[in-house]
Protein chains: 2
Amino acid sequence: MDKLQIKELLNGQKFRLTSERESLLDVFASSSSMLTPSQLYELADKHDINIGLTTVYRLLEVLTKVGVATPFLVDGTIFYAYCGCEHHHHFVCLSCHRVMDIQGSCPSFDVPDNFRVSSHRSDLYGTCSDCQTANDAGCTH
Amino acid sequence: MDKLQIKELLNGQKFRLTSERESLLDVFASSSSMLTPSQLYELADKHDINIGLTTVYRLLEVLTKVGVATPFLVDGTIFYAYCGCEHHHHFVCLSCHRVMDIQGSCPSFDVPDNFRVSSHRSDLYGTCSDCQTANDAGCTH
DNA sequence: TCAATATAGAAAATGATTTTCAATATTTCC
DNA sequence: GGAAATATTGAAAATCATTTTCTATATTGA
């Protein structure tokens, strides 16, 4: 999903893609990890992009509303991952916090006919290969 | 899952099922909705069970650790649902906050061999039949 | 029983998130 | 282009959620 598409998604709900938001979005989209608002704020800072924390919160809010950001609750902390595509399945590495889209067909559930399903999430949690290697290397037995 | 099993699950991690926790657990288990800690605190209060809010937080923490409570993040708010069984699939009504276990086989995902998957969640969000009826009834057009 | 450990609860502290508000920027429409 | 309307920014303040602290109490285990 390119920036123009995101801009149009935002505009569709009367949100604007300002230069501040665009800079933040670049940083957000280039991270393969889920981030807390504060982490995104600090990551932007490292790129010499100095945007207020409130603006970070507001960007993540509107991106979530249009489906470009996905919130994750891990150990009581709320993180956000950039999700350019409409896929709802993720693998979350609990060690490095990387989030990867994964293949797999949506499961079919037995929901009563009179229930309306508006969305679904299927997330896997575990340890990615890099982190397993790192853990093995650091392991002393 | 009965109380004895939960007690043993807790004891297995050096947690205790005190009388305060047992009272709270009864209230929690009898609710079909996901609840915030404050909501559980107030619901207990209505049952003349007066337990400190801190204790509510601590109960939900230990129940989550042993898998008896499941946290849900909805619109930025963290809720907990009692999940007596080990099933990981839920339907969450975004209107009344009821959480229902749903049938359906776990989806098979294409995760690389060298990734270790420790858990997964598959949740559906939508409107239950009761709430749809209620909404239709309240609808003026 | 004695020692070690876990818990309860109130209060205080912390941390995360939202609100407020004045200034600025962007869009809309004429 | 130039108002008027609308949305955004960012700092500060306010709010809300959660955790920590600490003392008293209860439970477990040797």
Side-chain angles (χ1 to χ4, degrees), chain A residues 3-4 6-28 34-45 48-66 68-80 97, chain B residues 3-4 6-28 34-45 47-66 68-69 71-80 97:
Chain A
K3 222 176 287 182
L4 182 60
I6 292 174
K7 177 170 161 51
E8 279 165 5
L9 275 177
L10 290 171
N11 290 164
Q13 300 197 30
K14 310 267 187 202
F15 299 131
R16 292 171 187 169
L17 186 57
T18 62
S19 61
E20 288 88 349
R21 289 182 173 177
E22 197 173 336
S23 301
L24 279 176
L25 180 59
D26 286 339
V27 175
F28 185 47
M34 59 184 186
L35 302 168
T36 63
S38 296
Q39 286 173 340
L40 177 54
Y41 173 79
E42 292 184 5
L43 186 58
D45 209 63
D48 286 311
I49 293 168
N50 305 104
I51 310 280
L53 182 56
T54 310
T55 299
V56 175
Y57 272 93
R58 287 189 279 226
L59 173 72
L60 292 173
E61 182 189 7
V62 299
L63 288 184
T64 300
K65 280 187 181 158
V66 300
V68 172
T70 302
F72 288 86
L73 177 63
V74 174
D75 280 338
T77 301
I78 300 174
F79 296 85
Y80 295 85
H97 291 174
Chain B
K3 224 178 282 181
L4 182 59
I6 292 175
K7 178 170 160 48
E8 279 165 6
L9 274 177
L10 290 171
N11 291 162
Q13 299 197 32
K14 310 269 189 201
F15 300 131
R16 293 171 186 169
L17 187 57
T18 63
S19 61
E20 287 88 350
R21 288 182 176 179
E22 196 174 337
S23 301
L24 278 176
L25 180 59
D26 286 340
V27 175
F28 186 47
M34 60 183 186
L35 303 168
T36 63
S38 297
Q39 286 173 337
L40 177 54
Y41 173 79
E42 292 184 5
L43 186 58
D45 209 63
H47 287 75
D48 285 311
I49 293 168
N50 305 105
I51 309 280
L53 181 57
T54 309
T55 299
V56 174
Y57 272 93
R58 286 190 279 227
L59 173 72
L60 292 173
E61 183 189 8
V62 299
L63 289 183
T64 300
K65 278 186 181 163
V66 301
V68 172
F72 288 85
L73 177 63
V74 174
D75 279 337
T77 301
I78 300 174
F79 296 85
Y80 295 85
H97 291 176

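Below, chain A is the first sequence line, B the second, and so on; all start at residue 1. Computation of the quantities below employed the complete heavy-atom set of this structure, encompassing side-chain atoms and omitting hydrogens, waters and symmetry-equivalent molecules. Computed from a prediction, not measured in an experiment: that's the story for all the values here.
- Between A/Leu60 and A/Phe28 there is a side-chain heavy-atom pair separated by less than 4.5 Å.
- Once you apply a 4.0 Å limit to the heavy atoms of chain B, the touched nucleotides of DNA chain D run 5' to 3' over D/dA17 to D/dT28.
- With the nearest nucleotide of DNA chain C identified for both A/Thr18 and A/Leu53, A/Leu53 has the one nearer the 5' end.
- Here the side chains of A/Thr18 and A/Thr55 are not in contact, with every heavy-atom distance at 4.5 Å or above.
- Looking at heavy-atom distances under 4.0 Å, A/Thr54 makes contact with a base.
- Across the helix from C/dT1-D/dA30 to C/dC30-D/dG1, the helix axis at one end is tilted relative to the axis at the other end by 50° (nearest 10 degrees, each axis from five pairs).
- Ranked by how close their nearest DNA chain C nucleotide is to the 5' end, B/Leu59 and A/Ser19 are led by B/Leu59.
- Both B/Arg58 and B/Lys7 lie near DNA chain D, and the one whose nearest nucleotide falls closer to the 5' end is B/Arg58.
- Under the 4.5 Å side-chain criterion, counting only non-hydrogen atoms from C-beta, B/Lys3 is in contact with B/Leu17.
- Contact detail for A/Lys65 and A/Gln13: the closest heavy-atom pair is O-NE2, 3.9 Å.
- Nucleotides of DNA chain C lying under 4.0 Å from heavy atoms of chain B occupy a range whose first and last members, 5' to 3', are C/dT5 to C/dA11.
- No side-chain heavy atom of A/His97 sits under 4.5 Å from any side-chain heavy atom of A/Phe72.
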